[in-house]
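Below is one structure, written out as structure tokens; the observations come after it.
In what follows, every chain begins at residue 1, and chains take the letters A, B, ... in the order their sequences are listed. For the numbers below, each heavy atom of this structure counts, side chains included, while hydrogens, waters and symmetry mates do not.
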Number of protein chains: 2
Amino acid sequence: MSETVYPLAGVAALERRGLRDRVYDLVLDMLMTADLAPGTRLSIDAIARDLRVSPTPVREALVQLERTGLVVREALKGYRVAPPLAAEHLEALFDARLVLEGGATDLAARHADGLVPRLEQALADHIAISHVVDEAVDLGEKLSVGLIRDYFAVDWNFHHLIFEGTQNPFLLDMSEAISTRVHRMRQTVKSGVSDADDAVLEHGAILEAFRSGEKDAPGRAMRDHIERVRERARRDVAADS
Amino acid sequence: MSETVYPLAGVAALERRGLRDRVYDLVLDMLMTADLAPGTRLSIDAIARDLRVSPTPVREALVQLERTGLVVREALKGYRVAPPLAAEHLEALFDARLVLEGGATDLAARHADGLVPRLEQALADHIAISHVVDEAVDLGEKLSVGLIRDYFAVDWNFHHLIFEGTQNPFLLDMSEAISTRVHRMRQTVKSGVSDADDAVLEHGAILEAFRSGEKDAPGRAMRDHIERVRERARRDVAADS
DNA sequence: CCCTCAAATATCCTATAGGAAAGAGGTCAG
DNA sequence: CTGACCTCTTTCCTATAGGATATTTGAGGG
């Protein structure tokens, strides 16, 4: 592990990425953390002023954000935070996840050997942070937005590793498109943290299926996991009304 | 079918979409039809001059194109036509298609009733244009780029209708990402027109599977079709060397 | 009290200009 | 003759300005 031998090399590399990517990361982080009300206007000029850059890179970053579904654009009217997922879109999202993640897990089973240790690490992180969440819940504390953000990151990392395990660049690209939608769902559906223990158990079952060496087992476990998440989400939506 | 009652309404609607989308369509069409050599530089200023617009909308269109995989961008160096698909990416693309299109076909089977007539129309168009292609081939004529373009459009339209048939916006989004990659593959792999008769037969089998009402039949037929296309592509790649 | 219309403001969209980096070609030293 | 260095050109990247459009606020009439 060679740490930055040349201290300025890292900074230069960041600069080398261009302003557009930095603005993209900043706006994406803003959308992920700060719970902005859907429909909130995202003024190009205002963002440019805040970030001390010209409107052009902001405009490019928003074009890129538009493809993720986090923001919507209306010609001659500007950008807005995307509306929340409608109920029928919720079912569609889970259908898409079953297709995409189920298939990806089948493919990843080909490379289970290299994948298992990485999933073990991810599951360990998941367990650790879920314990922190449980303690906070037991104490009746309000979960900090930072903790929630970290939990979601660790949770999704498990799924992301499986996409990487397919060694398929096309499926990996699509996983990014799905991840933003999943995050948006979690903002509307209140669950996602409360079922931490369930998620840990089900992820463990998926890992065990990879270890078994059985070709179809991981895909079955993943599809079962997604179906259970869907059921929990349905319950939470029903409880809202 | 109400033809444009107000002749200018259509033009106004196009204007309403903003310059960015028109530039996007034009550049996309350019990349699709004109077989540009991979690595060709896409100068922002040059395109802006050709289209008589400012560089800003061109820049936005290229950001959007970048997500489709048709162009690649290097910071501070500009945009280039994407390199051709490597052999290992070819296999990965077919794996992704099996996952995505196979799953989408399973979902579309739920709405087979509304889908079948549209597929019938698409297949009829496919048959008609394949006859034109066959005649041209029999006469030993060189296929015009317009004919090839139309054939690909009709061929893919069949697959696109199935994605629409899922009534799932997320899968429909991903289908657009796949379609550009499939087109790029067709530019490198020389087949795709020569197997017109095979494609028609296999599409017919998929349609018949939808008609049968059997739940798993369409997905099986689609996966079988994609595997056969994969085999034909492999043969063409092997023949090249 | 509500609706309609009009003016003002804020914003988006496009165009133009300047600074900076990368690439090409020529020149000079070894 | 070969390699390195320097200069020039092209292009990208950012910033600023002006025209067009949507939204909002206010007043007047029904």
Checking contacts here: which listed nucleotide (C/dC13, C/dT16, D/dT16) is nearest the side-chain heavy atoms of A/Arg73?
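When the side chain of A/Arg73 is considered, C/dC13 is the closest of C/dC13, C/dT16, D/dT16.
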
For A/Arg80 and for A/Val53, find the nucleotide of DNA chain D with the closest heavy atom, then tell me which residue's nucleotide is more 5'.
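Comparing both residues, the 5'-ward one is A/Val53.
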
Closer than 4.0 angstrom, basic N to acidic O: yes or no for A/Asp173 and B/Arg181?
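A salt bridge is present here (some side-chain N lies under 4.0 Å from a carboxylate O).
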
Nearest whole angstrom, please: distance from the C1' of C/dC12 to the CZ of B/Arg20.
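So the two atoms are 13 Å apart, to the nearest Å.
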
Atom-pair distance (CD on A/Glu60; P on C/dC13), nearest Å
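Atom-to-atom, A/Glu60 to C/dC13, this comes out as 14 Å.
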
Tell me whether the OP1 or OP2 atom of D/dA15 has a side-chain N or O from A/Ser54 closer than 4.0 Å.
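Yes, A/Ser54 has a side-chain N/O under 4.0 Å of OP1/OP2 on D/dA15.
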
Contact summary for A/Pro38 and A/Ala82, nearest pair of heavy atoms:
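So the minimum-distance heavy-atom pair works out to CB-O, 3.4 Å.
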
Among residues two or more places apart or on two chains, list those pairs meeting side-chain hydrogen bond (donor to acceptor under 3.5 Å, both in side chains) that have a residue in residues 44-58 of chain B.
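Applying side-chain hydrogen bond (donor to acceptor under 3.5 Å, both in side chains) to every pair that reaches into residues 44-58 of chain B, excluding sequence neighbours, yields nothing.
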
Which residues pass the side chain to side chain contact (heavy atoms under 4.5 Å, CB included) test with A/Leu51, sequence neighbours left out?
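Checked A/Leu51 against side chain to side chain contact (heavy atoms under 4.5 Å, CB included); matches are A/Val23, A/Leu26, A/Ile47, A/Val53.
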
Worked verdict on B/Gln121 versus B/Leu161 for side chain to side chain contact (heavy atoms under 4.5 Å, CB included):
CA-CA 11 Å; B/Gln121 179 61 48; B/Leu161 283 175; over 6 Å; no

Grab the N/O contacts between the protein and nucleotides 8-12 of chain D below 3.5 Å, and write none if there aren't any.
{"unit_1": "D/dC12", "atom_1": "OP1", "unit_2": "B/Ile44", "atom_2": "N", "d": "2.8"}
{"unit_1": "D/dC12", "atom_1": "OP2", "unit_2": "B/Ser43", "atom_2": "OG", "d": "3.3"}
{"unit_1": "D/dC12", "atom_1": "OP2", "unit_2": "B/Ile44", "atom_2": "N", "d": "3.3"}
{"unit_1": "D/dC12", "atom_1": "OP2", "unit_2": "B/Asp45", "atom_2": "N", "d": "3.4"}

Hey, can you tell me if A/Phe170 and B/His89 have their rings parallel, tilted or perpendicular (30° and 60° cut-offs)?
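The arrangement is perpendicular - the two ring planes meet at more than 60°.
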
